[in-house]
Amino acid sequence: MRVIRILPNLPVADVSAAKGFYTDFLGLSTEAFSLGWVARYTSADPDVAVQLVSGDATAPEGSVISVQVDDVDDAYAEAQRLGYDIVHPLTTEPWGVRRFFVRAPDGNVINVAAHRS
């Protein structure tokens, strides 16, 4: 498994209400996507991005970061082999992402995902 990108997932009460701070004040001008409960805002630099999350549509709890990998099936098998707590099983979500949530030994929940090709 190779990590492609890591994005912070900031918990917010309301994505639409929070948007202004991140776009107006921080200057993140592009809404890369929005599902209502999660939205990603970026700048012209692809390394500058944040995801605002008011809850998760399918997972039982939120995650602190999203880690995009090249092979999510391999990552899932490795997490299981190492005995990590799988919070949300490997799932192909309706919005085009295949992902699972794993709890790190420090307690943080990590969203590990790959986009369908």
Side-chain angles (χ1 to χ4, degrees):
M1 164 191 71
R2 182 176 64 86
V3 173
I4 297 169
R5 174 172 47 178
I6 298 176
L7 295 165
N9 294 334
L10 298 181
V12 298
D14 181 309
V15 171
S16 295
K19 176 183 176 179
F21 176 83
Y22 297 93
T23 57
D24 298 341
F25 178 66
L26 294 182
L28 300 176
S29 57
T30 303
E31 185 174 83
F33 75 90
S34 178
L35 299 175
W37 57 271
V38 60
R40 180 181 309 141
Y41 299 97
T42 64
S43 75
D45 180 341
D47 292 331
V48 178
V50 66
Q51 293 186 148
L52 306 181
V53 185
S54 64
D56 196 284
T58 63
E61 61 184 286
S63 59
V64 295
I65 59 173
S66 290
V67 178
Q68 184 180 353
V69 297
D70 64 343
D71 188 336
V72 72
D73 293 274
D74 183 51
Y76 186 70
E78 182 70 2
Q80 288 181 311
R81 186 185 74 73
L82 294 170
Y84 293 131
D85 178 22
I86 303 298
V87 176
H88 178 63
L90 185 60
T91 305
T92 301
E93 304 289 5
W95 55 89
V97 171
R98 186 160 169 79
R99 69 183 185 150
F100 69 96
F101 284 19
V102 61
R103 188 177 316 279
D106 58 22
N108 285 309
V109 175
I110 311 301
N111 173 21
V112 182
H115 293 274
R116 288 189 290 200
S117 313

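Linking Ile, Leu, Val, Met, Phe, Trp and Tyr whenever their side-chain heavy atoms come within less than 4.5 Å puts L28 and L10 in one cluster. Placement of V97 and V53 within a single hydrophobic cluster is found when ILVMFWY residues are connected by side-chain heavy-atom separations under 4.5 Å, directly or transitively. Hydrophobic cluster membership is shared by V50 and V48, with clusters built from Ile, Leu, Val, Met, Phe, Trp and Tyr side chains linked at under 4.5 angstrom. V38 and Y41 end up in different hydrophobic clusters when Ile, Leu, Val, Met, Phe, Trp and Tyr side chains are linked at under 4.5 Å.
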*asked:* For S66 and N111: C-alpha separation, side-chain torsions, deciding distance, then whether side chain to side chain donor-acceptor pair (under 3.5 Å) applies.
replied: CA-CA 5 Å; S66 290; N111 173 21; 3.0 Å; yes
_Assess the residue pair Q68 and R2 against the criterion (side-chain contact (heavy atoms from CB on, under 4.5 Å)); give the C-alpha distance rounded to whole Å, side-chain angles, the decisive distance to 0.1 Å, and a yes or no._
CA-CA 9 Å; Q68 184 180 353; R2 182 176 64 86; over 6 Å; no
*Kindly determine whether R99 and S63 satisfy side chain to side chain donor-acceptor pair (under 3.5 Å), including the steps that lead there.*
CA-CA 12 Å; R99 69 183 185 150; S63 59; 6.0 Å; no
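When all heavy atoms are compared, the tightest approach of G36 to S54 is O-OG, 4.4 Å. Between G62 and F101, the shortest heavy-atom distance links the atoms C-CE2, 4.3 Å. In this structure, A49 and P8 approach most closely via the heavy-atom pair O-CD, 3.7 Å. Of all non-hydrogen atoms in D56 and E61, the two that sit nearest each other are CB-O, 4.5 Å.
Residue L26 holds its CG atom at 4.5 Å from CZ of F21, rounded to the nearest 0.5 Å. For the atom pair D71 CG and D73 CG, the distance stands at 6.0 Å (nearest 0.5 Å). The structure places CZ of R40 at 10.0 Å from CG of L35, a figure rounded to the nearest 0.5 Å. Rounded to the nearest 0.5 Å, atoms CG (D85) and CZ (R103) are 5.0 Å apart.
W37 has its side chain out of reach of L52: every pair of non-hydrogen atoms, C-beta onward, lies at least 4.5 Å apart.
When hydrophobic side chains of Ile, Leu, Val, Met, Phe, Trp and Tyr are connected at separations under 4.5 Å, I110 ends up clustered with M1, V3, I6, V64, I65, V67, V69, V72, Y76, L82, Y84, I86, L90, F100, V102, V112. In the hydrophobic clustering (ILVMFWY side chains linked at under 4.5 Å, chained through shared members), L7 stands by itself.
For the pair D74 and R81, the salt-bridge criterion is not met [side-chain N within less than 4.0 Å of a carboxylate O].
Between the S43 side chain and the D45 main chain, a donor and an acceptor come within less than 3.5 Å of each other.
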